[in-house]
Number of protein chains: 2
Amino acid sequence: MAEVAAKAGVSSQTVSRVANNHDNVDETTRAKVLAAMQELGYRPNTAARALVTGKFGAIGVVSFDVGAHGNARTLGAIADAAREAGFSVNFMGIRAQTEAAVRQAFRHLMLQSVDGIVLIESQMLDTPSLHLPPTMPVVVADGDTGHQYPNVDFDQARGTQSVVSHLLELGHRTVHHVSGPSDSFAARRRAEAWERTLVAAGAPVQPTLHGDWTPESGYLAGRTLAKTPDATAVFAANDQMALGVLRAMHEAGRDVPGEISVAGFDDVPEARFFEPPLTTVHQDFDAVGRHCVTLLLEQIERRGSGLRRLALEPTLVVRASTAPPPA
Amino acid sequence: MAEVAAKAGVSSQTVSRVANNHDNVDETTRAKVLAAMQELGYRPNTAARALVTGKFGAIGVVSFDVGAHGNARTLGAIADAAREAGFSVNFMGIRAQTEAAVRQAFRHLMLQSVDGIVLIESQMLDTPSLHLPPTMPVVVADGDTGHQYPNVDFDQARGTQSVVSHLLELGHRTVHHVSGPSDSFAARRRAEAWERTLVAAGAPVQPTLHGDWTPESGYLAGRTLAKTPDATAVFAANDQMALGVLRAMHEAGRDVPGEISVAGFDDVPEARFFEPPLTTVHQDFDAVGRHCVTLLLEQIERRGSGLRRLALEPTLVVRASTAPPPA
DNA sequence: TCACGTAATGTTTTCGTAAACACGATGTAG
DNA sequence: CTACATCGTGTTTACGAAAACATTACGTGA
């Protein structure tokens, strides 16, 4: 910076003003400084800038299992939105949903100095020992709605209700459910909404089959369901498990949707190419990511907005895997 | 830091030594300092540390399309490995494979000050205008092998050869290919290896059907193949396109694998639950991510290793989607 | 016994930038 | 025509930590 200042024949402070786009610089001077910057290949030093401003121009993202389609998409959208806002993204993956892992991730991010944190798919927030400083802006995607942080998520209840109702309206007596892991809020809310919808419709509630989001777990549940004669409709809590159910049905020689209907949740890009194409609930993960960044930036810039919870509307996508029950 | 020093009755420099785990500190003093740190909730300031050391404790990851399973998994593994090494990950997603986008990403990372960069799935590196400073350590995953940077990738040729040979050995006269986008090196190498394998076996080479990694593109290619009477074996350059091919075959009433065999590449978690379960080539993305970090850290720490290119071995996974051709 | 190495700690300086403050030139209102 | 705001710019200082250098207290070998 000193070199640039010397070359342009101005003080370093003027260079700083040009670098930060302040408006109280004469156009002629600005041009000279910019030319000198160009020539010397000047790049401002983030560390020094962060040191003096206390801002880092970075947001932290803590996510579980980026291998999962939804999380990966959300992360991608966050990164895009952050870049557009001039922020970089400090990513931390977490393998285990343990308090220790989450705490370590937070500590790491605190050390790495970010201006705010987005947390994807976690239910560990209420643990008091997490010690997030109260001044640290946080937004939660796909998490508990019970805690104190702003939240962006899909309306899981509405989405679930739309699939389950769709199946009931087709004439199914009831709908079986293959749930996600019980430590996931999304999974819990989908299971609750499934049950509520059945009860509201006066349909009998069969015991839930517990999965863990993986196709394997859906396959195991599907094998059980294939042996259940009066099962005519299945709602799996995500598309991967629905795929496992489909596979189990094929192996058992049960026709989908002739004998049994199967529906999923997420609408992954592959869903419409499954055999048969899967009826599911579409979620716009890009929108989630964008909204997370918006809410986070509002907090960072202290424009405290009243908008603390955002529920996006998922939409039912009916394909060939659901049909009326056999006569 | 000054507060900690005061509380512990030592100088700030001693606090610094304790914080950095230097060994020339008396155990008694160290304990006092640690206690003071604990009590005051002291957290070292990364910005200040980076300013004085010139190191940032961060690596940048530039990736295309984190929605793609392989890229997401690689990113996750990089993040894990980086964290274990005490580095954080600065993630930049890129939508378009344009020179401008890549350059912007690099510039952003330079500004954000990282110690090194991992580039996933890019072929823009040879563009001279990218201006990466020669001192910036870079590792490329899944990219061109022709440029000057260390590289970690799967042996695409071996993997491809193993599937294509598998199909030929089953008795197919030749194998059709649904390729990935031509601006992807992985896609190009798979296409080249496919052709070489056919030529080496004396099998006729049919024109490639061009896809873009998406199931949609595989579906379109599949519709064409379904109308090609003498097509008995298809090798799709990834599993998603293979899924599209399967769908097209189902819709056309062509039995897989009875009439036509289909194979993919990647072995995504869903592949064994496709209908029929997909023969494909398994790739260990976690290993790629780990090795990227290893190579990058070697550069960062100036332990220049002779090991500049790493080719991991993919393995053929034979499932039910491939069989001998109809008699 | 004395010179000198060494371990533990303190003092000063440095990193690159932006904020705070200061200053002169110009414009403007009373 | 004078007092006073405003604009463009320069000077000084602060940010928090670590490197470089200084100092003290010991121990040890010739």
Side-chain angles (χ1 to χ4, degrees), chain A residues 1-37 40-58 86 88 108 110-115 133 135 300-302, chain B residues 1-37 40-58 86 88 107 109-115 133 135 301-302:
Chain A
M1 182 151 134
E3 292 175 38
V4 174
K7 178 145 210 144
V10 299
S11 72
S12 66
Q13 184 53 33
T14 301
V15 176
S16 167
R17 282 191 263 256
V18 172
N20 292 290
N21 253 315
H22 287 205
D23 51 3
N24 53 348
V25 179
D26 190 81
E27 279 310 317
T28 327
T29 313
R30 183 190 302 274
K32 269 192 302 189
V33 172
L34 286 174
M37 282 178 168
L40 291 166
Y42 168 77
R43 301 251 173 265
N45 179 314
T46 332
R49 179 176 291 175
L51 179 58
V52 73
T53 60
K55 300 280 178 184
F56 303 95
S88 67
H108 194 94
M110 303 297 307
L111 290 179
Q112 273 310 316
S113 312
V114 294
D115 297 318
T135 56
I300 290 174
E301 293 161 12
R302 312 278 162 204
Chain B
M1 181 152 137
E3 292 175 38
V4 174
K7 178 147 210 144
V10 298
S11 73
S12 65
Q13 184 52 34
T14 301
V15 176
S16 167
R17 283 191 263 257
V18 172
N20 292 288
N21 254 314
H22 288 203
D23 51 1
N24 53 348
V25 179
D26 191 83
E27 279 312 317
T28 328
T29 313
R30 182 189 304 274
K32 268 193 302 191
V33 172
L34 286 173
M37 281 179 170
L40 292 167
Y42 167 78
R43 302 251 173 265
N45 178 315
T46 332
R49 179 177 291 174
L51 179 60
V52 73
T53 59
K55 300 279 178 185
F56 304 94
S88 66
R107 184 163 45 210
L109 283 178
M110 300 299 307
L111 289 179
Q112 274 310 318
S113 310
V114 295
D115 297 319
T135 56
E301 293 161 12
R302 312 277 162 203

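Chain naming here is simple, since letters A, B, ... match the order of the sequence lines and numbering starts at 1 in each.
Here the side chain of Asp115(A) pairs a donor or acceptor atom with the backbone of Gly57(A) at under 3.5 angstrom. Side-chain N or O atoms of Thr53(A) include one that pairs as donor or acceptor with a backbone N or O of Arg49(A) at under 3.5 Å.
The distance between atom CE of Met1(A) and atom P of dT12(D), rounded to the nearest whole Å, is 15 Å. Following rounding to the nearest Å, Phe56(B) (CZ) and dA18(D) (C1') show an atom-to-atom distance of 15 Å.
Contacts between residues 2-22 of chain B and DNA chain D, defined by a heavy-atom separation under 4.0 Å, are made by Gln13(B), Ser16(B), Asn20(B). Within residues 23-32 of chain B, the residues having any heavy atom closer than 4.0 Å to DNA chain C are, in order of number, Asn24(B), Val25(B), Asp26(B), Thr29(B).
Counting only residues at least two apart or in different chains, salt bridge (Lys or Arg N to Asp or Glu O under 4.0 Å) contacts with residues 18-33 of chain B comprise Glu27(B)-Arg30(B).
Summary for the helix from dT1(C)-dA30(D) to dG30(C)-dC1(D): the axes at its two ends, each from 5 pairs, differ by 40° when rounded to the nearest 10 degrees.
Separating the CE atom in Met37(A) from the CZ atom in Arg43(A) is a distance of 10.5 Å, to the nearest 0.5 Å. Atom CZ of Phe56(A) is separated from atom CG of Asn45(B) by 5.5 Å, given to the nearest 0.5 angstrom.
Protein chain B contacts DNA chain C over a range whose 5' and 3' limits, counting nucleotides with an atom under 4.0 angstrom from a non-hydrogen atom, are dA8(C) to dG16(C).
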Report, one line per pair, each donor and acceptor closer than 3.5 Å where one atom sits in a side chain of residues 8-20 of chain B; sequence neighbours left out.
unit_1: Ser11(B); atom_1: OG; unit_2: Gln13(B); atom_2: N; d: 3.4
unit_1: Ser11(B); atom_1: OG; unit_2: Thr14(B); atom_2: N; d: 3.4
unit_1: Ser11(B); atom_1: OG; unit_2: Thr14(B); atom_2: OG1; d: 3.3
unit_1: Asn20(B); atom_1: ND2; unit_2: Ser16(B); atom_2: O; d: 2.8

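Contact annotation: the side chain of Ile300(A) approaches that of Lys55(A) to within less than 4.5 Å [non-hydrogen atoms, C-beta and beyond].
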